[in-house]
Amino acid sequence: MNAPDTKVRLTREHCRHLLHQMLRVRRFEEKCAELYTQEKIRGFLHLYIGEEAIAVGIMQVLEPEDAIVATYREHGHALVRGVSAGAIMAEMFGKQEGCSRGRGGSMHLFDAQTRFYGGNAIVGGGLPVATGLALADALSGKAHVTACFFGEGAAAEGEFHEALNLAALWHLPVLFVCENNLYAMGTALDLTEAETDISAKAASYKMPSEAVDGMNVVDVEAAARKAAAAIRESRGPYFLECRTYRFRAHSMYDPQLYRTKEEVEQWKGKGPIKRFQKWALDAGELREADVAEIEQAIAAEISEAVEFAEAGSWEPVENLTRDVGAERRA
Amino acid sequence: MTQISYREAVRGAIRRAMQQDKRVFLMGEDVGHYGGCYAVSKGLLEEFGPDRIRDTPLSESAFTGAGIGAAMGGMRPIVEIMTCNFSLLALDQIMNNAATIRHMSGGQFNVPIVIRLATGGGRQLAAQHSHSLEGWYAHIPGIRVLAPGTVEDAGGMLSAALNDPDPVLIFENALLYNDTAEIDEPVDVDIDHAAVRREGNNISLITYGGSLGKTLAAAEQLEADGISAEVIDLRVLRPLDDDTILASIAKTRRCVIIDEGWRSGSISAEIMARIIEQRFWDLDAPLARVCSEEVPMPYAKHLEEAALPSLQKIVAAARAAVGR
């Protein structure tokens, strides 16, 4: 048998794809922020801006049958996984055409088609569920992977430790992806953790664990390829800590009193899109015309998504209690 | 006809479910090598192996959450939580995931998990192993809450629960595990409706689970005094079967509710509210209830007995309601 191919091939086509996906997430969310100020989107809105390389790098290695569990900062994951921009936008508008029928909103995007198991707004709450999805695969002999995204704040929750232990103990095919953006809401990692190296915590549960530059999409993809190949071969878990930063506030309500403007600017300098785009242009993999074309395609997709959401309908209030339980038992 | 215990009835139901459906597996603390804290799963590890009779770490939240994930992934997990006091460590998973995911996903995902929990006091285990929290769980939309009070229900509710596409919590009162009954064939039990366990005309005694036996004994005693009591076994705490309750009230016009939960905010409070909302003008006496006293369950036997609903309290409450 050949060794699994874990190399990232930076063909022009692939570079275009990576940039396109990252920019798609960025522009989509910039639009969301705008729509939020217009009060088209309400509730909590947690933007992923600055962290796009992680969702894009990881999703490259997932197969359609693989499962995904994400957090409340999951627009990027849903988009890159293939949930339609229109359905996501309509969900944030609260329309019944939304991917969760307007029942979940920004924090609870779900999509059965792409095996996207949410949008979980309880920190750490998705880790046991991902472990269970992997358990189902293991027990039914399916060769899938479950990817579980969460922030570093989850490492302080008992469920993080319980789920890692369980996944390692039972050799379950979970790809744990920690998006370490250094702040759990407004509290810095070193104010909440005695051990700030999250990958070291995971390694203590006897699973392969690695930290990677989460601002570099190629590094993330390469690490994800290695991780996914290891999981598919061993059927056991793998932990990837992606070190990153969010450029925006925790949510739209956050005045960001806990960090300096200088720090934010410094990280913006390492921005995943900026960096990758510059590299690809300098290396001659992409031309300015490619970037313009990508931007144009994204602008069209987003304006269609907004139109779709605007044109969507409000679910009749008579349906309020629909889908609390099954209508008829199987 | 065979004489079997409540414990054996549950075990038999688990075994049958596992034989019939490869998707069914059991997991929880000490369910395998130890044989189950209440010996419910004794022998099943040898029969089905460690993949399907799965000992878990002491991680209620993770293994309950893993059950939820496994259910979403197409399996039919039975999760055993040693006592309902410990289920509080898994409450996040039960409430924020199991109960909500169908709704939050707009009906795309369902969680067909069955969670079995031991409940109730009476074994001098003090405050951290003796509480009756089923009424709390009955507060939560999106789950079904069952409380088998008979050997037949203990065996028959499980397969019905496994066929439910939504999360089902089954509260087994730990004092019932040694109860025995003559059971012919395993029967599927209706998990939508309450059962009338004894017909009567003068008063309705509404109860469930561990209090059913005491309530039936109280009804016997009342009968000897010429008071004809109807005994309703709720069996299903969510959704509540209003029709059976109200039909009984329409007949007897008086009612005492017996509930091992604490009085404040209890399931009995909810039942009283529903009766008042819908049958106030039919009532001939104020509604009454016998609940646990509002204390964390004490260890000392006499104090524990004083805290729990008793036959004497039920009889006294019923007499007061009928004015005798």
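A quick note: this is a predicted structure, and the numbers were derived from the prediction, not measured. The sequence lines fix the lettering, A, B, ..., with proteins before strands; numbering per chain opens at 1.
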Undergrad: Roughly how far, to the nearest 0.5 Å, is the CE atom of B:Met75 from the CG atom of A:Leu139?
TA: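 Result: 4.5 Å between the selected atoms.
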Undergrad: Would you say the side-chain atoms of B:Ser61 and A:Glu159 include a donor-acceptor pair closer than 3.5 Å?
TA: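 On atom types as modelled, these side chains qualify, holding a pair under 3.5 Å.
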Undergrad: What part of A:Asp111 lies closer than 4.5 angstrom to a heavy atom of chain B: side chain, backbone, both or neither?
TA: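 A:Asp111 touches chain B through backbone and side-chain heavy atoms alike.
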Undergrad: Taking side chain as everything from C-beta outward and backbone as N, CA, C, O, which of these in A:Phe116 sits under 4.5 Å from a heavy atom of chain B? Side chain, backbone, both or neither.
TA: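 The backbone, not the side chain.
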Undergrad: Which pair of heavy atoms, one from B:Pro57 and one from A:Asn165, lies closest together, and at what distance?
TA: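 Here B:Pro57 and A:Asn165 meet closest at CG-ND2, 3.7 Å.
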Undergrad: Non-hydrogen atoms of chain A under 4.5 Å away: do they reach the side chain of B:Thr100, the backbone, both or neither?
TA: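 Answer is neither: B:Thr100 stays 4.5 Å or more from chain A.
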Undergrad: Applying side chain to side chain contact (heavy atoms under 4.5 Å, CB included) to A:Arg115 and B:Phe109, what does each step give before you reach the verdict?
TA: CA-CA 10 Å; A:Arg115 296 200 78 201; B:Phe109 294 114; over 6 Å; no
Undergrad: Under 4.5 Å heavy-atom distance to chain B, tell me which part of A:Leu320 shows up: side chain, backbone, both or neither.
TA: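 When you check distances to chain B, only backbone atoms of A:Leu320 fall under 4.5 Å.
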Undergrad: Name the member of A:Asp323, A:Thr131, A:Ile122 that forms the most heavy-atom pairs with chain B at distances under 4.5 Å.
TA: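 Between A:Asp323, A:Thr131, A:Ile122, the count favours A:Asp323.
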Undergrad: Look up atom CZ in A:Arg103 and atom OG in B:Ser105, then write down how far apart they are to the nearest 0.5 Å.
TA: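 OG of B:Ser105 is found 10.0 Å from CZ of A:Arg103.
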Undergrad: Can you tell me which of B:Asp92, B:Ile68, B:Thr64, B:Ile143 forms the most heavy-atom pairs within a distance under 4.5 Å of chain A?
TA: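 Between B:Asp92, B:Ile68, B:Thr64, B:Ile143, the count favours B:Asp92.
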Undergrad: Let me confirm one number: the CD-SG distance from B:Gln108 to A:Cys99, rounded to the nearest 0.5 Å.
TA: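 It is 7.0 Å, given to the nearest 0.5 Å.
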Undergrad: Could you state the interatomic distance from OG1 (B:Thr56) to CD (A:Glu162), rounded to the nearest 0.5 Å?
TA: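 Interatomic distance, B:Thr56 OG1 to A:Glu162 CD, rounded to 0.5 Å: 10.0 Å.
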Undergrad: Taking every non-hydrogen pair under 4.5 Å, which of B:Gly73, B:Pro141, B:Ser59 racks up the most with chain A?
TA: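 So the answer, after comparing B:Gly73, B:Pro141, B:Ser59, is B:Ser59.
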Undergrad: I'd like to know if the side chain of B:Gln93 reaches the main chain of A:Gly125, judged simply by a donor and an acceptor atom lying under 3.5 Å from each other, with no hydrogens or angles considered.
TA: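 Yes; judged by distance alone, with no hydrogens or angles, the pair exists.
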Undergrad: May I ask you to name which of B:Leu58, B:Asn110, B:Asp166 has the most heavy-atom pairs under 4.5 Å with chain A?
TA: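 Among B:Leu58, B:Asn110, B:Asp166, the one with the most close pairs to chain A is B:Asp166.
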Undergrad: Using 0.5 Å steps for rounding, measure from the CZ atom of A:Phe110 to the CD1 atom of B:Ile101.
TA: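 Answer for the CZ-CD1 pair, A:Phe110 versus B:Ile101, is 5.0 Å.
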Undergrad: If I take atom CG from residue A:Asn120 and atom CE from residue B:Met104, how far apart are they, to the nearest 0.5 angstrom?
TA: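 If I round to the nearest 0.5 Å, the distance is 6.5 Å.
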Undergrad: Between B:Lys22, B:Arg23, B:Arg54, B:Glu60, which shows the greatest number of heavy-atom pairs under 4.5 Å with chain A?
TA: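 Most heavy-atom pairs within the cutoff with chain A belong to B:Arg54.
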Undergrad: Chain A heavy atoms under 4.5 Å from B:Asn97: which part of the residue, side chain, backbone, both or neither?
TA: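 Interface part for B:Asn97: side chain.
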Undergrad: Please give me the minimum heavy-atom distance between B:Ala70 and A:Ala136, naming the atom from each residue.
TA: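 Scanning both residues, the minimum pair turns out to be O-CB, 3.7 Å.
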Undergrad: Chain B heavy atoms under 4.5 Å from A:Leu109: which part of the residue, side chain, backbone, both or neither?
TA: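 A:Leu109 has no heavy atom closer than 4.5 Å to chain B.
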